[in-house]
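Worksheet: one structure, shown below.
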Amino acid sequence: MKKYTILFLVALMSFTSCKKSFIEQTDPNAIPLPESFKTETDVLLAVNGAYQALRSGDNIGETSGLYTDERSDDTGRNDSQSNAGEPFQFGDFSILPGNTFLKTHWLNLYQAITRCNTVTAYIDKVTFASASTKGQYLAQAKFIRALMYFQLVRKWGPVPVVTVPLTTTEEVTANTYRQPEAAVYAQIVADLKDGLTGDLPNLQTGGNAGRVGKAAINGLLGQVYLTMASTLTDGKAENLANANTYLTACYNMRPFTTLSTIPYPDVFDVARKTAVNNEVIFEVVNIQGNLTYSSSIAANNQALGETINSRKAGLSSGGNVTRDLVDEYEAADPRKTFSVKYAAAPSVLDYFVTKYRDASAEATTNGYGGNNTPLMRYADIILLLAECNLNQGNTAAAIQYLDMVRARAGVPLYAVASADPAYSAKFPTLKLAILHERRVELAFEHIRWFDLIRTFTTTELVAYFKAKSQATFGIAKLANFSTKDRYYPIPLDETKLDPVRMYQNPGY
């Protein structure tokens, strides 16, 4: 029999042969066998395993910027040691189908889906003392599954959709084919709407911080509909209306009056983690000083000769920031001072990320920081509402939402800013003004690439990148950018399995 390297199969099957129960596994994140679902605790551990998947830099964790920020115009690899090899291909728009980092990302997203499928398939084997608890676990698993498919469909377009565990090679083969984007979005919407029926709180706090609440489900559902409105050919008006409904529902669950009551630095201040961060909707929670569950983002972003981020010494250029982004900040925007800094070391002489900092003694010189990983916060939702209302033709409401974020930042409101020739020259339309605000407000939160592909058609996106200056973009070549770069290539090993049903994206 011919032997294959079946990556999709690995992602969707559990090969565990151990007969111990799930809670007795050496690896607490191992996917359980169906017979291991005996108690509520077994289900909880399986749900925790799905959450655990999000922490990885190969998934959507804090170090996953390679697949988003570096693909955009915000960050890159501008030092001489990392401007070659597979990671550099992402920002250089020269990525190959055989890129092993891309393959790992694809596999990791599907592994997280497998964990969620295990929960949804076998939860009925357990008798719960409370139907509410069962509903909460189902809602959380379906949210994570929807989030993973939302990542996949925006990055690759049509992808395989599987919602049940696959335990044989034959089952995997039958399900390994690319489904249309509309079908992927239909599954995402169904999962999120089911999640809203669960008995979840609006926002999770205290010991449940880092778990999904109804505000997060509403927020993601609104973003999904907004993306559908710009991606799918049919139903634009209906999708925009739904986006507004769910984004507004999320916004109405906010635990504050106005965004201005939450200073921008406080959102990222590690010292304030013990208090309630009212802007957080959904995030990965890290533990300061903990070898396994600490954050490394502050130390990783530390440039040589700098001390602002971490007590761990920086050895290279840190988290490289493009001059294109630096130049987009308005004069006296405090978010620039907070988010980026120029490293004066002769071997660096470039900007690096300072948005995530933990130079406290508790983080130690090993850089075991306490920064959480923001996945959704209210400034994001507010600006999505601005975008949605603009697309619906409600300019006044769009400006109102835009100004909520600008007021908190301490920069002039839109009416004043748009009268400034420097501002209006850069952002001549409200559409570009909102895109700009999202860029500087949400920089380095793994959002920029998705904003670009939602705001522009493929042709417009190519023109947008081609209009940039190579001098402010870095070593990566803008000339490489073309229509093919709207999507990633399907990993080579996947297309080799079935070149017809797992067909390659155009241009690769």
Side-chain angles (χ1 to χ4, degrees), residues 4-8 11 66-73 76 85-110 148-162 173 175-188 224 226-236 239 448-468 470 473 476-508:
Y4 297 91
T5 303
I6 305 181
L7 294 176
F8 194 71
L66 173 65
Y67 309 109
T68 49
D69 293 340
E70 292 191 38
R71 182 68 164 174
S72 75
D73 45 5
E86 289 187 320
F88 185 68
Q89 293 176 10
F90 286 82
D92 190 51
F93 311 115
S94 57
I95 194 165
L96 300 174
N99 186 292
T100 59
F101 287 82
L102 186 72
K103 178 176 66 177
T104 299
H105 186 43
W106 167 281
L107 180 61
N108 202 286
L109 293 171
Y110 273 110
M148 296 296 95
Y149 276 123
F150 194 34
Q151 290 282 322
L152 285 160
V153 72
R154 289 180 294 174
K155 291 172 179 173
W156 280 279
V159 293
V161 177
V162 179
T173 301
N175 285 275
T176 305
Y177 64 96
R178 299 181 68 182
Q179 295 199 29
E181 289 180 70
V184 184
Y185 280 114
Q187 180 59 49
I188 293 170
V224 167
L226 188 59
T227 304
M228 290 168 63
S230 66
T231 302
L232 304 182
T233 55
D234 298 324
K236 180 176 181 178
N239 286 330
R448 173 65 173 174
W449 176 250
F450 298 134
D451 286 347
L452 290 171
I453 61 176
R454 191 181 62 251
T455 301
F456 300 119
T457 66
T458 301
T459 302
E460 291 171 341
L461 185 64
V462 173
Y464 182 79
F465 271 89
K466 295 290 189 181
K468 293 180 179 293
Q470 182 65 56
F473 197 76
K477 297 180 180 63
L478 281 168
N480 289 341
F481 194 87
S482 68
T483 55
K484 72 174 176 53
D485 295 298
R486 167 60 180 81
Y487 294 109
Y488 281 135
I490 299 295
L492 179 62
D493 288 328
E494 299 291 348
T495 59
K496 286 167 62 178
L497 288 174
D498 191 336
V500 176
R501 300 199 306 163
M502 288 298 294
Y503 57 91
Q504 186 54 270
N505 280 329
Y508 294 103

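Values reported hereafter were calculated over all heavy atoms of this structure, with side chains retained and with hydrogens, waters and symmetry mates removed.
For the atom pair Asp451 CG and Thr227 OG1, the distance stands at 9.0 Å (nearest 0.5 Å). Rounded to the nearest 0.5 angstrom, Lys155 NZ and Thr68 OG1 are separated by 6.0 Å. Remark: Thr173 OG1 to Asn175 CG distance equals 9.0 Å, nearest 0.5 Å. Interatomic distance, Lys103 NZ to Asn108 CG, rounded to the nearest 0.5 Å: 13.5 Å. Atom OG1 of Thr495 is separated from atom OH of Tyr503 by 12.5 Å, given to the nearest 0.5 angstrom. Note that the OG1 atom of Thr104 and the CG atom of Leu109 stand 11.0 Å from one another [nearest 0.5 Å].
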Check the pair Gln179, Val153 against side-chain contact (heavy atoms from CB on, under 4.5 Å), reporting the backbone distance first and the verdict last. CA-CA 10 Å; Gln179 295 199 29; Val153 72; over 6 Å; no
Apply the test side-chain contact (heavy atoms from CB on, under 4.5 Å) to residues Tyr67 and Gln151: give CA-CA distance (whole Å), side-chain angles for both, the deciding distance (0.1 Å), then the verdict. CA-CA 10 Å; Tyr67 309 109; Gln151 290 282 322; over 6 Å; no
Under the criterion side-chain contact (heavy atoms from CB on, under 4.5 Å), I'd like the reasoning laid out for Lys477 against Phe481: C-alpha separation, chi angles, the key distance, then a yes or no. CA-CA 8 Å; Lys477 297 180 180 63; Phe481 194 87; over 6 Å; no
Verdict with supporting geometry, Val224 and Met228, side-chain contact (heavy atoms from CB on, under 4.5 Å): CA-CA 6 Å; Val224 167; Met228 290 168 63; 3.8 Å; yes
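Closest approach of Ser94 and Asn480 over heavy atoms only: CB-ND2, 4.3 Å. Glu460 and Thr455 make their closest contact through OE1-O, 4.2 Å (heavy atoms, listed as atom of the first residue, atom of the second, distance). Contact detail for Arg71 and Ile95: the closest heavy-atom pair is NH1-CG2, 4.0 Å. Here the closest heavy-atom approach between residue Leu102 and residue Pro491 is recorded as O-CG, 4.5 Å. Gln89 and Asn99 make their closest contact through OE1-ND2, 2.9 Å (heavy atoms, listed as atom of the first residue, atom of the second, distance). The heavy-atom pair separating Arg154 from Arg486 by the smallest distance is O-NH1, 3.2 Å.
Taking the ring centroids of Tyr488 and Phe90, they lie under the 6.0 Å cut-off. Ring centers of Trp156 and Tyr487: at least 6.0 Å apart, outside the cut-off.
In this structure, the side chains of Ile490 and Arg178 come closer than 4.5 Å at one or more pairs of heavy atoms. No side-chain heavy atom of Tyr464 sits under 4.5 Å from any side-chain heavy atom of Thr459. You'll find the side chain of Gln470 reaches within 4.5 Å of the side chain of Leu478, heavy atoms only. Between Arg454 and Thr231, the closest side-chain pair of non-hydrogen atoms is not below 4.5 Å. Between Leu152 and Trp106, some side-chain heavy-atom pair lies under the 4.5 Å cut-off. Using a 4.5 Å cut-off on side-chain heavy atoms (C-beta onward), Leu452 and Ser72 make contact. When side chains are defined from C-beta on, Thr176 does not count as touching Asp498, because their heavy atoms never get closer than 4.5 Å. Phe101 places a side-chain heavy atom less than 4.5 Å from the side chain of Pro87.
Using a 4.0 Å cut-off between charged nitrogen and carboxylate oxygen, Arg448 and Asp73 count as a salt-bridge pair.
Remark: of the listed residues Val159, Leu232, Thr233, Leu232 is the sole one forming a side chain to side chain contact (heavy atoms under 4.5 Å, CB included) with Glu181.
Heavy atoms of other residues, nucleotides or ligands lying less than 6.0 angstrom from NZ of Lys236 number 12 at most.
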